[in-house]
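Report on one structure; see the data block that follows.
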Number of protein chains: 2
Amino acid sequence: MAPKTAPDASRRSERSRRAIFDAALALVGEVGYTRLTVEGIAARAGVGKQTIYRWWPSKAAVLLDAFTDGVDDYGAGLPDTGDLEADLKHVLRATADEFNDPAFQAPYRALAAAGAGDEELSRTYVSRLLEPGIAVYVNRLRAAQEAGQMDPDADPRIAAELLLSPFSQRWLMRTGELTHAYTDTLVDLVMRAVRPPE
Amino acid sequence: MAPKTAPDASRRSERSRRAIFDAALALVGEVGYTRLTVEGIAARAGVGKQTIYRWWPSKAAVLLDAFTDGVDDYGAGLPDTGDLEADLKHVLRATADEFNDPAFQAPYRALAAAGAGDEELSRTYVSRLLEPGIAVYVNRLRAAQEAGQMDPDADPRIAAELLLSPFSQRWLMRTGELTHAYTDTLVDLVMRAVRPPE
DNA sequence: CCATGAAGACGATACGTCTCGCCTCATGCG
DNA sequence: CGCATGAGGCGAGACGTATCGTCTTCATGG
């Protein structure tokens, strides 16, 4: 028995693909993730439901693709002026601004929530969105270690999590505001934790 | 217009209440949160659907009550042997064991995910589960400050988050194992961050 | 000319409301 | 005191709606 003939990607309609992404992002912002439906996306995008089900297994997958389609470029990584503390403060402030942007919030929060609840989806979420975001910090910290600005015995990965997790947790659970004062405090604490021994 | 007569709590069936909690916790472990249904809980508990809808607005609310009904006692707080580092390591190891328990995982993860996605629910989740858990650490850190074992200028609340967020984030997104070695490393890092200046 | 696309019919679930009798109380009358 | 009465929660499940994911039809365009 044939394993369900795969669709021919070369014949795929780019127009429909974009329309589906636009509709998904617009709708999740308007009605939230739980009331986001595949039927709603199809209607808004002006495509048949089958066109969505042909290419994606779930609304979460559509949203993940729609979201990464716009953001999937983490560029050249963090700036490296030679001053670790200043670089971290600068970038974390910018990240806070981004997370405070409503257009960014709705889909990202929806994906984080769906990822927390669904083990399969979480793998994709983690590898496509979470890990690349952490990796740029890990790289910057490694550079700092080589420059002698950070304890060579500290694990850059764990240090990056020490900095980013309180930030994301606070945002995800809405337990506090992401102000520049807060992110600066976070950087100060982490700097004390990973400072090289004298 | 009358505001929808509230049910009479004094006539409530304790038997049904317990049966609903048991059914909800069992089912969320068997089929997961998304496939958990109010109909399923009612059937398993041997109660009518209306009995659930009379007392709770959603399956999330049922699960939250079911979960806190068993766990809502945070006792006397953290141990205080006078050695902050040892106390934190001890408790965080125990917490890791708890979070590695499958019976604990399913409902707690479901609630965290639902809380992340739903603003209204997140308030209840945060105040009923998250905040009390953080508060006991904050109290212990305050005691340490008074004992001169922690920088008096550090904010105990932010320090507690610095310790707990990487832990919960790692668990929630399944980005790594919660081993004793990991929790000890976390405590070491946080201790360096909040150590009193000499 | 044939796979993809738009449209929507279709059966299956689960939703949340509702309507039944049934049972258990508190109240009040004989 | 003792038994009728009535209010209200309870188990059960029918009901209409919404959305699911599949399937069918016809048109289109590469």
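Residue numbers start from 1 in every chain, and the chains themselves are labelled A, B, ... in the order their sequence lines are given, proteins ahead of strands. Keep in mind that the numbers below use all heavy atoms, side chains included, and drop hydrogens, waters and symmetry copies.
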Please tabulate the protein-to-nucleotide N/O contacts below 3.5 Å involving nucleotides 12-17 of chain D, giving atom names and distances.
{"unit_1": "dA12(D)", "atom_1": "OP2", "unit_2": "G46(B)", "atom_2": "O", "d": "3.4"}

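Picking from dG21(D), dA7(D), dG11(D) the nucleotide with the shortest atom distance to the side chain of S16(B) gives dG11(D).
Residues forming a side chain to side chain contact (heavy atoms under 4.5 Å, CB included) with D80(A) (at least two apart in sequence, or on another chain): D87(A), R140(A), A143(A).
Between dA6(C) and T51(A), a contact under 4.0 Å exists linking OP1 or OP2 to a side-chain N or O.
Using a 4.0 Å cut-off between charged nitrogen and carboxylate oxygen, R93(B) and D184(B) count as a salt-bridge pair. Electrostatic pairing of R192(A) and E85(A) does not count as a salt bridge here, judged by no charged N lying under 4.0 Å from a carboxylate O.
For E30(A), the CD atom sits in a packed shell: over 12 heavy atoms of surrounding residues, nucleotides or ligands are nearer than 6.0 Å. Applying the 6.0 Å contact sphere to CZ of R123(A) captures more than 12 heavy atoms from other residues, nucleotides or ligands.
With rounding to whole Å, R12(B) atom CZ is found 11 Å from dG11(D) atom P. Between the P atom of dC25(C) and the CZ atom of R15(B) lies a distance of 13 Å, rounded to the nearest Å. When rounded to the nearest whole Å, the span between CZ of R11(B) and P of dG6(D) equals 15 Å. If you take CG of L36(A) and P of dA18(D), they are 17 Å apart, rounded to a whole angstrom. Taking atom CG on D8(B) and atom P on dC10(D), their separation rounds to 10 Å, with Å as the unit. dG21(D) atom P lies 18 Å from atom CH2 of W55(A), rounded to whole Å. Regarding R44(B), its CZ atom lies at a distance of 14 Å from the P atom of dA14(C), rounded to whole Å. Atom CD1 in I41(A) sits about 13 Å away from atom C1' in dC20(D), given to the nearest Å.
Taking the six-membered ring wherever Trp is involved, the centroid distance between the rings of F21(A) and W56(A) falls below 6.0 Å.
Residues T95(B) and Y137(B) meet the side-chain proximity criterion, which asks for heavy atoms closer than 4.5 Å.
Within the 4.0 angstrom heavy-atom criterion, base atoms lie near R54(A).
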